[in-house]
Structure formats: structure tokens, C-alpha cells
There are 2 protein chains.
Amino acid sequence: MKRSDDDDVWKALSDRTRRGVVDVLAERAHTTGELVDAFPDLSRTAVMKHLDVLEAAGLLIVTREGRLRWNTLNVAPLQRIFDAWVSPRAAGLAAAGHRLKQHVESRSRKKGRS
Amino acid sequence: MKRSDDDDVWKALSDRTRRGVVDVLAERAHTTGELVDAFPDLSRTAVMKHLDVLEAAGLLIVTREGRLRWNTLNVAPLQRIFDAWVSPRAAGLAAAGHRLKQHVESRSRKKGRS
DNA sequence: TTCATATGTCACCCGACAGTGACATGTCAA
DNA sequence: TTGACATGTCACTGTCGGGTGACATATGAA
């Protein structure tokens with residue numbers, strides 16, 4: 001299951017605009033048209049391509065109702081990349097900080113770029 | 001401070017190889033040469049470019065010792081994007097799941113594309 | 001049926017980015 | 001001083017991603 005890497009999710013979230021879309025959808029589900037209105041600087045085509053990327057990453061659940069398309073946020077992938085990746089590393093913050101301090105002190109102190 | 005968006009960090013982490021570098025550095029600091037050895041499929045130049053990106057995002061702290069360059073992971077940006085972004089949304093998982101369920105049930109049940 | 005609305009698809013443009021080899025610089029040791 | 005080693009920099013390439021307009025399809029209402 002789940003090719004274990006979640007590269008799609010990272011790629012999807014790497015774009016500022018798409019994170020904005022996720023932001024909007026975090027409040028409530030939107031139709032594609034509503035989303036287009038929410039991003040006046042983008043063409044409808046651009047918004048739809050972002051939605052495609054988000055959907056492919058599993059961040060979006062799409063349901064159709066007549067000629068309307070409802071886009072609903074799915075936070076599961078967010079949870080996943082956090083659990084699998086960010087959390088373990090950020091948890092070691094103190095340890096890493098200590099490691100770094102130790103490292104820097106034990107070695108060169110001549111540098112430090114401006 | 002910190003243009004508040006952390007786009008650099010997201011962009012830096014969007015690349016699978018760079019996440020691999022972060023992985024390696026999570027264990028201990030490496031010199032650039034050691035990192036190059038750790039990624040046999042990449043040229044030295046490619047590895048250095050990845051390091052540049054990571055450093056620009058603040059994920060890397062670079063110290064120089066003679067002709068050696070030590071690359072140390074800085075987890076602070078990770079912590080930051082998590083705190084500011086992933087955590088609040090992922091925390092609402094249950095609520096969002098409920099919202100979705102509600103939404104789907106209250107509307108169309110005719111569709112679902114193969 | 002007819003027409004406006006909402007969405008889907010296509011072809012194309014352009015800049016960003018990952019990757020490379022060649023060459024330059026700096027540092028340590030013999 | 002000389003040479004090997006570690007790193008820095010440059011010019012170039014191909015691909016991918018975000019953006020667009022034009023056109024096609026589907027649905028609801030008059």
C-alpha cells in the first residue's frame with residue numbers, strides 16, 4: 001500500500017497556491033466554481049490543474065452533484081506525512097540542538113558566514 | 001521576520017532526494033564528501049546544489065573546518081511548518097471526517113467515478 | 001428544444017529546476 | 001614547493017510544472 005514515500009503529497013503541498021486552496025477547503029467544501037472565484041488572479045484552468053494535483057495526492061475528495069463538482073479536503077495524507085516524517089525528526093529537536101552545539105563547539109569556531 | 005510562509009522550506013522538502021539528505025543528516029552531521037558518497041547515483045555537483053537549497057531554507061547549518069565542510073541538520077524549520085500548518089489541520093481530522101461524511105450524505109449519492 | 005451555466009479537455013508557452021562536465025580555488029601534508 | 005584532496009563555481013542541457021486561451025461536453029431551466 002501507499003508507495004511509502006508520499007512524494008505526491010509533498011509535491012502537491014510544495015506550491016504556495018495549492019496550500020492556499022487547502023486553506024480555503026479547510027473551512028468547508030467548495031465547488032470548483034467557488035474556488036475559481038476565491039482565486040481571482042488565476043484562470044479557471046489553472047485552478048482546476050491545482051485541484052487535479054491535490055486530488056492525485058489524495059488531499060482532495062471529489063463528489064459530483066449534477067453539474068456541480070464538490071471538492072472536499074482530506075487531511076489524512078497530511079496526518080500521514082507528519083506521522084511518518086516531520087514528527088519523529090522534530091521530536092528530536094532538543095537532541096539535535098545539543099548535537100549541533102556540541103559539534104560546533106568541538107570543531108572550528110573561526111567561521112560563520114556574514 | 002520569516003516572511004511567514006516558509007515556501008522555501010516546502011520547496012526544499014518537495015524533492016525526494018533532498019528528503020533523503022535530511023534523512024541521512026538526521027543521524028549525524030556529514031561532510032559534503034561523505035554525503036556525495038552516500039548518494040552514488042548523483043554527481044557531486046548535484047548533491048551540492050541540493051545542499052544549497054536546504055541551506056537557503058534554513059534546514060542546514062554549515063560550518064567549515066579547514067578544507068572540510070560540515071553539514072548539520074537544523075530541524076527548526078520542520079518544527080515551524082508543522083506547528084504553523086500541518087498540526088492545526090491534522091488535528092481536525094475527526095471533525096473534517098465528520099464534515100465530509102455529512103457532506104457526502106446530505107448531497108449526491110448517485111456518482112463516484114470508476 | 002434551446003440556451004446558459006459548470007465543468008472537462010487540449011495544445012501551447014515559458015520559467016524553474018534537477019542534473020551534468022569542466023574548470024577554479026583553497027587546504028593539508030610530504 | 002608541490003601535489004593530492006575537498007570544495008566552490010560556471011555554462012549548459014532536458015524535463016517538469018504552472019499558466020493560458022480555445023474548444024468540447026454535460027446539466028438544469030425556460
Side-chain angles (χ1 to χ4, degrees), chain A residues 5 7-22 24-25 29-57 59-72 107-114, chain B residues 5 7-22 24-25 29-57 59-72 107-114:
Chain A
D5 180 271
D7 193 58
D8 290 349
V9 179
W10 283 105
K11 284 285 197 301
L13 293 177
S14 70
D15 184 81
R16 181 184 275 131
T17 301
R18 279 193 293 267
R19 289 197 301 279
V21 171
V22 171
V24 171
L25 292 181
H30 283 64
T31 67
T32 303
E34 287 174 336
L35 279 172
V36 170
D37 292 341
F39 293 86
D41 292 349
L42 289 182
S43 69
R44 186 178 59 89
T45 314
V47 172
M48 286 197 61
K49 278 173 72 168
H50 285 308
L51 294 180
D52 286 344
V53 173
L54 290 171
E55 188 185 9
L59 284 161
L60 218 68
I61 296 180
V62 175
T63 53
R64 288 180 180 73
E65 175 193 357
R67 56 179 166 177
L68 295 181
R69 159 177 158 159
W70 286 94
N71 306 278
T72 307
R107 300 176 187 274
S108 145
R109 66 195 56 204
K110 25 193 161 173
K111 290 298 181 351
R113 52 205 226 300
S114 67
Chain B
D5 179 272
D7 194 58
D8 290 349
V9 180
W10 283 105
K11 283 283 198 303
L13 294 177
S14 71
D15 185 81
R16 180 185 275 131
T17 301
R18 280 194 292 268
R19 290 197 301 279
V21 172
V22 171
V24 170
L25 292 181
H30 284 61
T31 68
T32 302
E34 287 174 334
L35 279 173
V36 171
D37 292 342
F39 293 85
D41 291 349
L42 289 183
S43 70
R44 187 178 59 89
T45 313
V47 171
M48 288 197 60
K49 280 173 71 171
H50 284 307
L51 293 179
D52 286 344
V53 174
L54 289 171
E55 187 185 10
L59 284 161
L60 219 67
I61 295 180
V62 174
T63 54
R64 288 177 181 76
E65 175 191 356
R67 57 180 164 174
L68 294 181
R69 159 178 157 157
W70 286 94
N71 306 279
T72 307
R107 299 177 185 273
S108 144
R109 63 194 60 205
K110 24 190 160 175
K111 288 296 173 2
R113 54 205 225 300
S114 70

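All chains are named by letter (A, B, ...) in the order of the sequence lines, taking the proteins before the strands, and each is independently numbered beginning at 1.
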_Non-hydrogen atoms of B:V9 and B:A57 that approach each other most closely_ = CG2-O, 3.6 Å
*Indicate whether OP1 or OP2 belonging to D:dG8 is found under 4.0 Å from a side-chain N or O atom of B:R69.*
yes
*Nucleotide of D:dA6, D:dT20, C:dG8 approaching A:A46 most closely (side-chain heavy atoms)*: D:dT20
_Whichever of B:L42 and A:T31 has its nearest DNA chain C nucleotide further upstream toward 5'_ = A:T31
_N/O donor-acceptor pair under 3.5 Å between B:R18 side chain and B:A12 backbone_ = yes
*Let me know the distance between CG of A:D15 and C1' of D:dC16, rounded to the nearest Å.*
13 Å
*Could you please spell out the steps behind the side-chain contact (heavy atoms from CB on, under 4.5 Å) verdict for B:V21 and B:N71?*
CA-CA 10 Å; B:V21 172; B:N71 306 279; over 6 Å; no
*How many Å lie between CG on B:L13 and C1' on C:dC17, as a whole number?*
16 Å
*For atom CZ of B:F39 and atom P of C:dG19, their distance in whole Å*: 11 Å
*Calculate the interatomic distance between A:R16 atom CZ and D:dG19 atom P; express it in whole Å.*
11 Å
*Whole angstrom value for the distance that separates P of C:dA6 from CG of A:D37*: 9 Å
*Whichever of A:K11 and A:V47 has its nearest DNA chain D nucleotide further upstream toward 5'*: A:K11
_Side-chain donor/acceptor of A:R44 to base of D:dG21, under 3.5 Å_ = no
_B:D52 CG - C:dC17 C1' separation (whole Å)_ = 13 Å
_Heavy-atom donor-acceptor pair, A:T17 side-chain to D:dG18 base, under 3.5 Å_ = no
*Side chain of B:M48: nearest nucleotide among C:dT9, C:dT20, D:dT7?*
D:dT7
*Go through A:H50 and A:L42 one step at a time and tell me if the side-chain contact (heavy atoms from CB on, under 4.5 Å) criterion holds.*
CA-CA 11 Å; A:H50 285 308; A:L42 289 182; 4.1 Å; yes
*Where the side chain of B:T45 is defined as all heavy atoms beyond and including C-beta, which of D:dT7, C:dT9, C:dG21 is the nearest nucleotide?*
C:dG21
_Euclidean distance, atom CD of residue A:E65 to atom P of C:dG8 [Å, nearest integer]_ = 13 Å
*B:H50 side chain N/O closer than 4.0 Å to the phosphate oxygens (OP1, OP2) of C:dC17?*
no
*Candidate nucleotides C:dA6, D:dG18, D:dG19, ranked by approach to the side chain of A:V53 - the nearest*: D:dG18
*Output yes when at least one side-chain N/O atom of B:R64 is less than 4.0 Å from OP1 or OP2 of D:dG8, else no.*
yes
_Residues A:K11, A:V53; criterion side-chain contact (heavy atoms from CB on, under 4.5 Å); working and verdict_ = CA-CA 9 Å; A:K11 284 285 197 301; A:V53 173; 5.9 Å; no
*How many Å lie between CZ on A:R19 and P on D:dG18, as a whole number?*
12 Å
*Is it true that a side-chain atom of A:R19 and a backbone atom of A:L13 form a donor plus acceptor pair closer than 3.5 Å?*
yes
_Looking at the base of D:dG19, is there any donor atom on it, or on the side chain of A:K49, that sits under 3.5 Å from an acceptor on the other one?_
yes
*Under 3.5 Å, is there an N or O donor on one side and an acceptor on the other linking the side chain of A:R67 and the base of C:dT5?*
yes
*asked:* Please tell me if B:S43 has a side-chain N or O lying less than 4.0 Å from either OP1 or OP2 of C:dT20.
replied: yes
